[in-house]
There are 2 protein chains.
Amino acid sequence: MVRRVTLREVAQEAQVSVATASLVLNNKPSRISQPTQQRIRDVARRLHYVVNENARGLVTNETRLIALIVPDIENMFFASLSKCLETECRRNGYQLFISNSDDDRTLERRLMRNFVGRDIDGLLLIPSIDSYTDRALLRDQICASPCPIVIIDRLITADICDGVGFDNELGGRLAAKKLLCAGHRRFACITGNKDSVNANTRCYGFLKTLQEHEVPADSILTLDGNYRFSGGYDAADAVADFGATCLFCCNDLMALGAIDRFRELGIAIPADISIIGYDNIVKRFGLLTRLTTVEQNVSELASQSWQCLYRHIQHHDSGRNCAEANDLLLLEPQLVEGDTVAQAPIFR
Amino acid sequence: MVRRVTLREVAQEAQVSVATASLVLNNKPSRISQPTQQRIRDVARRLHYVVNENARGLVTNETRLIALIVPDIENMFFASLSKCLETECRRNGYQLFISNSDDDRTLERRLMRNFVGRDIDGLLLIPSIDSYTDRALLRDQICASPCPIVIIDRLITADICDGVGFDNELGGRLAAKKLLCAGHRRFACITGNKDSVNANTRCYGFLKTLQEHEVPADSILTLDGNYRFSGGYDAADAVADFGATCLFCCNDLMALGAIDRFRELGIAIPADISIIGYDNIVKRFGLLTRLTTVEQNVSELASQSWQCLYRHIQHHDSGRNCAEANDLLLLEPQLVEGDTVAQAPIFR
DNA sequence: CTGAAAGCGCTAACAA
DNA sequence: TTGTTAGCGCTTTCAG
């Protein structure tokens with residue numbers, strides 16, 4: 001370990017002023033003689049000089065720092081998103097700092113404050129669940145933020161700031177249509193956590209579509225899930241008892257759980273029961289089950305979110321957060337065909 | 001969005017000098033009158049003042065910033081570790097920035113440089129695979145680092161800097177002993193990636209132990225895996241053909257893959273074949289399979305790594321990286337009993 | 001009890 | 001072609 005070298009030291013060693021050294025090392029258009037340039041660069045390399053970005057940021061008024069706050073980095077969806085966003089940022093010369101809010105609103109607040117303290121150029125935020133139910137706090141903080149903010153995935157209506165996410169209702173609809181087309185007439189649906197707006201919207205789209213196709217309410221079983229493997233596993237018996245010929249799960253993990261239980265019960269998939277999941281996490285995790293599922297294109301989400309934020313940064317956008325007219329971009333999910341959906345038994 | 005408020009503005013608004021405001025807002029022992037203190041605090045709150053940590057760091061010479069570089073944040077093990085480390089840092093008043101090297105050595109170098117530029121107080125590094133095979137580059141960079149560095153999990157011998165990781169050989173030994181005690185005499189072992197030193201060490205410990213117990217070489221089948229679900233799945237047939245009564249997989253994902261294939265083949269677990277995995281990722285992922293596995297205590301790893309780094313930071317340790325005598329801490333993995341190991345068939 | 005002033009490492013306008 | 005100077009926002013001595 002070694003003391004940190006400053007620009008002044010490089011300048012001294014190269015027998016020039018700091019200004020000259022700065023000009024050269026930043027490749028600024030100037031008419032410094034070639035020999036001098038070379039000398040400065042050589043010294044800088046020899047001394048392992050690295051510019052102090054904080055000091056630089058102080059004067060240039062931009063840190064080229066972007067922060068990302070995710071509720072849970074252990075969640076594969078957020079982990080993938082982080083990776084994609086990091087790539088986007090890097091491509092544009094920004095550095096991304098990832099942080100974890102543990103889905104805790106207090107921590108989220110603290111992180112945001114910390115990041116503002118670090119003078120970030122922009123914030124990508126996936127809000128905690130709590131911030132859904134009580135938006136006031138978050139809203140205030142966003143309005144008081146000195147940097148642009150884009151909300152991702154968990155969209156909290158457009159009156160706060162710009163947001164990019166998926167059309168969850170459409171996702172539910174796609175699942176419903178697929179099953180209806182396959183001739184199913186008796187449905188089951190496992191929801192996510194109670195307060196997960198996204199999961200609820202998926203369900204809503206699913207049920208709405210069934211209703212529009214005049215499926216009677218008593219042919220539909222809705223069960224509370226927990227977004228986890230056990231949620232699907234535990235619900236499977238009820239689904240079977242109900243005599244459903246198909247099942248829509250608000251995420252893949254629950255679908256896997258249900259499949260596991262069905263297998264134990266000797267129920268064949270898709271022969272006896274068809275299953276659709278959500279997320280296509282199965283593929284990402286490297287499992288081999290070819291689950292029919294609704295996929296959300298994570299890299300598109302990342303790309304769009306970044307572009308949205310970047311626009312604001314470039315326009316030096318000092319008045320968009322909390323404006324009346326904010327952009328809300330809804331990306332379309334896609335149904336991915338696997339091996340877990342078949343024609344309804346009665347039609348065969 | 002709103003312009004950023006500076007200390008000067010707070011001071012002006014409160015009719016005091018910046019020095020006074022600084023003293024008060026940092027709770028420095030001073031004899032500023034209570035009324036003045038209150039006035040300053042009120043103004044600061046009203047204006048949403050947040051201290052500029054970069055400017056502060058410039059003068060205090062500490063940023064309270066810690067960086068973590070992981071090879072792949074989508075890997076559940078690293079994701080969990082990140083979470084634990086973040087908690088440790090926060091507890092001690094430091095902020096953790098997580099970054100992803102994609103297991104790419106060039107990117108790793110860039111990230112390290114960037115972080116040094118941000119004047120971090122310490123770096124937690126899980127090196128890329130490439131840095132195993134050619135340590136020279138990384139070594140140079142570590143030696144030239146102005147901040148303490150602790151290497152985590154992928155230990156690259158102790159001559160570079162301090163490291164904290166797990167005793168992978170012991171892990172392999174634990175698995176072997178468990179199976180030997182259960183009376184097994186015909187073994188299979190699925191390795192990880194070729195260049196994964198950790199996985200290889202697990203195998204080494206496993207095979208070494210068998211050898212020490214005089215298991216003949218022709219009673220042991222070793223197969224190349226890929227650390228993924230498919231690796232276990234694809235290897236399962238060979239394991240069955242070989243007539244092994246037990247199988248050790250260098251990670252859980254491959255164990256799950258093997259189990260899946262065995263199930264298809266009508267081979268009962270653990271009746272026909274016993275299986276031990278590694279990582280206990282199954283539990284973390286929320287699956288219900290009670291896999292017997294070798295668990296690594298991630299939160300202990302985080303805690304020890306942080307403590308190691310923190311010691312260096314506190315001792316203002318300007319000469320430990322690349323010193324001759326560095327600490328290498330090996331934590332002990334533990335065998336977690338599940339339902340996938342039974343007495344060898346022949347003994348029943 | 002409070003303020004003035006120096007300086008952290010850097011960039012940018014302006015001189016020379 | 002290069003150097004001087006001011007200032008980014010903050011902390012910290014030292015005076016008053």
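Note: hydrogens, waters and symmetry copies are ignored here, and every other heavy atom, side chains too, is used. Quick note on labels: first sequence line is chain A, next is B, and so on, each numbered from 1.
Within the structure, salt bridge (charged side-chain N to carboxylate O under 4.0 Å, His left out) pairs that include any residue of residues 46-71 of chain A comprise A/Glu13-A/Arg46, A/Glu53-A/Arg56, A/Glu62-A/Arg64 (at least two apart or interchain).
Within the structure, every side-chain polar atom (N or O) of B/Tyr49 is placed at least 4.0 Å from both OP1 and OP2 of D/dG9. Residue B/Thr36 has a polar side-chain atom (N or O) positioned under 4.0 Å from OP1 or OP2 of C/dT2. Note on B/Arg8: a side-chain N or O is less than 4.0 Å away from OP1 or OP2 of D/dC8.
Each end of the helix from C/dC1-D/dG16 to C/dA16-D/dT1 gets its own axis, taken as the rotation carrying the C1' atoms of four end pairs onto the next four within a five-pair window, and the two axes meet at 50° to the nearest 10 degrees.
Atom CD of A/Glu62 and atom P of C/dC10 are 17 Å apart (whole Å). Per the geometry, CD belonging to B/Gln34 stands 15 Å off C1' belonging to C/dT2, to the nearest Å. In this structure, B/Asn54 places its CG atom 11 Å from C1' of D/dC8, rounding to the nearest Å. The interatomic distance linking A/Arg56 (CZ) with D/dC10 (P) rounds to 21 Å, in whole Å. In this entry the distance linking CG of B/Leu58 with C1' of D/dG9 reads 9 Å, nearest Å. Remark: C1' of D/dT1 and CZ of A/Arg39 are 12 Å apart, rounded to the nearest angstrom. C/dC8 atom P lies 10 Å from atom CG of B/Asn61, rounded to whole Å. Distance B/Gln38 CD to C/dT2 C1': 18 Å, rounded to the nearest Å.
Within the 3.5 Å criterion, the main-chain N or O of A/Ala136 finds a donor-acceptor partner in the side chain of A/Asp134.
Picking from D/dT4, C/dG9, D/dC10 the nucleotide with the shortest atom distance to the side chain of A/Asn52 gives C/dG9. Among C/dG3, D/dT11, C/dC10, the nucleotide with an atom closest to any side-chain atom of B/Ser17 is C/dG3.
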- Kindly indicate, with the supporting measurements, whether the criterion side chain to side chain contact (heavy atoms under 4.5 Å, CB included) is fulfilled by A/Val16 and A/Ile32. CA-CA 11 Å; A/Val16 294; A/Ile32 313 283; over 6 Å; no
- Query: For B/Leu309 and B/Val150, what are the C-alpha separation, side-chain angles and deciding distance, and is it a side chain to side chain contact (heavy atoms under 4.5 Å, CB included)?
  - Reply: CA-CA 6 Å; B/Leu309 185 64; B/Val150 170; 3.8 Å; yes
- Message: Checking B/Arg105 against B/Ile129 for the side chain to side chain contact (heavy atoms under 4.5 Å, CB included) test, could you report, in this order, the C-alpha distance in whole Å, the side-chain angles of both residues, the deciding distance, and whether it holds?
- Response: CA-CA 8 Å; B/Arg105 192 233 237 85; B/Ile129 291 278; over 6 Å; no
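Partner of A/Asn100 under the side chain to side chain contact (heavy atoms under 4.5 Å, CB included) criterion, out of A/Asp103, A/Asp102, A/Asp104: A/Asp102 alone.
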N/O-N/O pairs, protein side and nucleotides 12-15 of chain D side, under 3.5 Å:
unit_1: D/dT12; atom_1: OP2; unit_2: B/Lys28; atom_2: NZ; d: 2.6

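Using a 4.0 Å cut-off between charged nitrogen and carboxylate oxygen, A/Asp162 and A/Arg311 do not count as a salt-bridge pair.
If you find the closest nucleotide of DNA chain C to B/Ala55 and to B/Ser33, the one lying nearer the 5' end belongs to B/Ser33.
Here the side chains of B/Leu138 and B/Glu108 are in contact, with some heavy-atom distance below 4.5 Å.
A side-chain donor from one of B/Glu9 and B/Thr6 sits under 3.5 Å from a side-chain acceptor of the other.
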